[in-house]
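Read through the structure below, which is laid out as structure tokens, and then see the notes.
Count residues from 1 along the sequence.
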Amino acid sequence: MENVDRLKHLTGKGYFPKELPLAFTTADFGEFADQVYADWLSSGIIKVELVKLRGRKKKGGAYRPVVAAADPDLISMPKRGHERRDLSIAHPVIQLALNNEITSNWRTLQKWLARQALSNDEIEIGQEFPRSIKGINFDLHRVRKSLIRAESDWVLQTDINRFYPSIYTHSIAWAAYGKERVKSCVKTKTYDGSLADRLDILVRSCNRNQTSGIPIGPESSRIIAEIISSRIDSQFLEKHPKAVLERIDRLQDDWLLGFEDRSEAETALATIFEIYRAFNLEINGSKTSIQHIADPVQADWISGLRGFLSHRSGSIGGNRLEEFLGLAIRLQGDEPGAPVMNYALSVLEGFRIKHRDVPMVESFLLRACSVAPWSFERIVSLLITLHSETGRISKPRIERRFKELMARAIARGHDYEVIWILYAFRGLGIAVREPKLAGLLQHTRVRTH
């Protein structure tokens, strides 16, 4: 594939966060990305500054992109429990410049990514991928984790606290060339204008020149994060050359490792802590554990829901469906941080809902909006599917409840919920005519820093 095609796909399908409705698209932007970049370069919107060595001669092949730094638009999205995170939409000039830098130097980036040894998620750009980059194979990770638990006496699990928001942009060069090597050349400015330096500049420009954090949302950030993670893979194996690769699974910053004894697990945890600390990243203590194989792994809520479903095979309906949905609501309330509602929604998505059960499922979905707002996308999709397949949902009730939730979300700055409610209205043919609500929408904009 030519680099111009990579730029087209990365810009056309990997710009907006995947959590937004499909109505948010940059397909046209991607189609003409190379022409737009050339126009912005010739008009001075994007500039290139050649790098000199100690003010004497120009450094061969070294340059720095010059773009006006800008705040990203932020979309507040709920996480499980009571936490929220900010999805980012970078300024199009900066995002296109970053995408162009990535795709124009794809061969070099592939060499950096070749250090990846502990994850099966290859970073490839292609037309066949929905998000321009090959997606994460979650099913494969589940199988690998199951095998690791089956073959190990002790299991270490850990991940990084706020991975993307904590990435130090200067560490891109550390990952590319080695931290000690880069730091030893600070005075000579050997790496000024290098590819990693250019990526650093553009990632910072996406966030008003802040060095802490990379945007959550664009696929360019997944590439940057995996460059860093690939270097961490290689450093881990340098310290543990006899590590059994089949007993290690890394999903981005989420690690699962299997060992024969606890002391090996503790040594590996110390290594992971040390390596990430060198990259200015911290392990999430609340999600770090070393467990013996005899310790219970499956959460009580999973056992409860699976046990309920296992009593009878096939689809469920009537009173049994009502009991299942009530159990899911109760378990989610008991464990606010657990993905109970996602599991229940997966069950509903897996079979055709009978017409007589539509009012019951509709009531459940409206309750789920408040109990598990992070599932809004799936809730809205199910409501639209029910409307399309049965025509039996109560649009007046949905309209009334969603408008209440939307007014509340606007007042709290909860952009994600507002976006998906508007998308639901679009799919269900519901208009927003109330002057007060329309006025709130008119004067509401996505936040910046």
Side-chain angles (χ1 to χ4, degrees), residues 1-11 14-15 33-34 37-38 40-41 46-54 57-67 69 90 93-116 122-125 132-133 164 167-207 209-211 213-215 218-235 278-280:
M1 177 182 290
E2 299 293 330
N3 287 338
V4 66
D5 294 319
R6 291 190 178 93
L7 177 62
K8 170 184 174 180
H9 301 318
L10 188 59
T11 305
Y15 188 156
D34 60 326
Y37 181 81
W40 285 348
L41 194 61
I46 299 173
K47 298 178 182 178
V48 170
E49 180 184 84
L50 297 177
V51 174
K52 297 181 179 180
L53 281 173
R54 295 186 174 274
K57 60 180 181 179
K58 292 178 180 177
K59 196 173 165 188
Y63 64 90
R64 279 179 162 172
V66 180
V67 293
V93 171
I94 306 169
Q95 187 64 55
L96 181 58
L98 176 58
N99 288 354
N100 182 74
E101 202 64 60
I102 288 171
T103 55
S104 297
N105 297 279
W106 190 244
R107 183 172 296 180
T108 300
L109 264 62
Q110 285 293 294
K111 292 178 181 178
W112 298 350
L113 291 165
R115 300 187 182 104
Q116 182 191 66
E122 297 175 303
I123 301 295
E124 298 178 12
I125 297 177
S132 75
I133 294 182
Y164 279 29
I167 287 177
Y168 182 50
T169 63
H170 293 341
S171 70
I172 298 171
W174 301 350
Y177 311 122
K179 181 177 180 179
E180 296 306 318
R181 186 176 172 186
V182 171
K183 292 181 77 70
S184 68
C185 296
V186 170
K187 291 184 178 180
T188 60
K189 300 185 178 181
T190 302
Y191 293 102
D192 284 13
S194 64
L195 174 56
D197 184 43
R198 300 194 296 270
L199 295 175
D200 179 3
I201 290 169
L202 291 169
V203 170
R204 279 189 282 122
S205 297
C206 289
N207 196 23
N209 275 329
Q210 293 189 38
T211 58
I214 65 175
E219 290 300 286
S220 56
S221 289
R222 186 178 158 204
I223 297 171
I224 298 296
E226 195 57 33
I227 289 170
I228 294 170
S229 296
S230 297
R231 170 65 76 168
I232 288 171
D233 281 2
S234 68
Q235 291 188 358
F279 279 84
N280 290 5

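Taken from OG1 in T190 to CG in D197, the straight-line distance is 11.5 Å, to the nearest 0.5 Å. Here CG of L199 is found 6.5 Å from CG of L98. Values are rounded to the nearest 0.5 Å. Remark: S194 OG to Y177 OH distance equals 3.5 Å, nearest 0.5 Å. In this structure, I102 CD1 and I227 CD1 are separated by 7.0 Å, a value rounded to the nearest 0.5 Å. In this structure, CD1 in I94 is found 8.0 Å from CG in L202, a value given to the nearest 0.5 Å. Interatomic distance, E219 CD to I123 CD1, rounded to the nearest 0.5 Å: 8.5 Å.
Contact of the L96 side chain with the L7 side chain is registered, since non-hydrogen atoms from C-beta on lie closer than 4.5 Å. Two residues are said to be in side-chain contact when any heavy atoms from C-beta on lie closer than 4.5 Å; N105 and R198 meet this criterion. Side-chain atoms of V203 and N207, non-hydrogen and from C-beta on, never get closer than 4.5 Å to each other. Taking 4.5 Å as the limit, some side-chain heavy atom of L109 sits within range of a side-chain heavy atom of L195. Contact of the R64 side chain with the V51 side chain is registered, since non-hydrogen atoms from C-beta on lie closer than 4.5 Å.
Considering every non-hydrogen atom in both E122 and R222, the closest pair reads O-NH2, 4.1 Å. P215 and Y164 make their closest contact through O-CD2, 3.6 Å (heavy atoms, listed as atom of the first residue, atom of the second, distance). The shortest heavy-atom contact between L10 and S220 is CD1-N, 4.4 Å. Residues I201 and P65 share a closest heavy-atom pair of CG2-O, 3.9 Å. Of all heavy-atom pairs spanning Y168 and F279, the tightest one is CB-O, 4.4 Å. In this structure, R115 and D233 approach most closely via the heavy-atom pair O-CB, 3.8 Å.
Side-chain atoms of D200 never come within 3.5 Å of backbone atoms of A196 as a donor-acceptor pair (strictly under, hydrogens ignored). No donor-acceptor pair closer than 3.5 Å links the side chain of Y191 to the backbone N or O of V186. A donor-acceptor pair is defined here as one N or O able to donate and one able to accept, closer than 3.5 Å; no such pair exists between the side chain of R231 and the backbone of W112.
N280 pairs by the side-chain hydrogen bond (donor to acceptor under 3.5 Å, both in side chains) definition with nothing, not counting sequence neighbours.
Open room surrounds CD on E49; 12 or fewer heavy atoms of other groups in view lie less than 6.0 Å from it. Heavy atoms from other residues, nucleotides or ligands lying under 6.0 Å from NZ of K179 number more than 12.
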(message) Walk me through whether I46 and V66 qualify under side chain to side chain contact (heavy atoms under 4.5 Å, CB included).
(response) CA-CA 6 Å; I46 299 173; V66 180; over 6 Å; no

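Salt-bridge formation is not detected for the pair K8/D34: no Lys NZ or Arg NE/NH1/NH2 atom is positioned less than 4.0 Å from an Asp or Glu carboxylate oxygen.
Under 3.5 Å, the side chains of N3 and T103 contain no donor-acceptor pair of N or O atoms.
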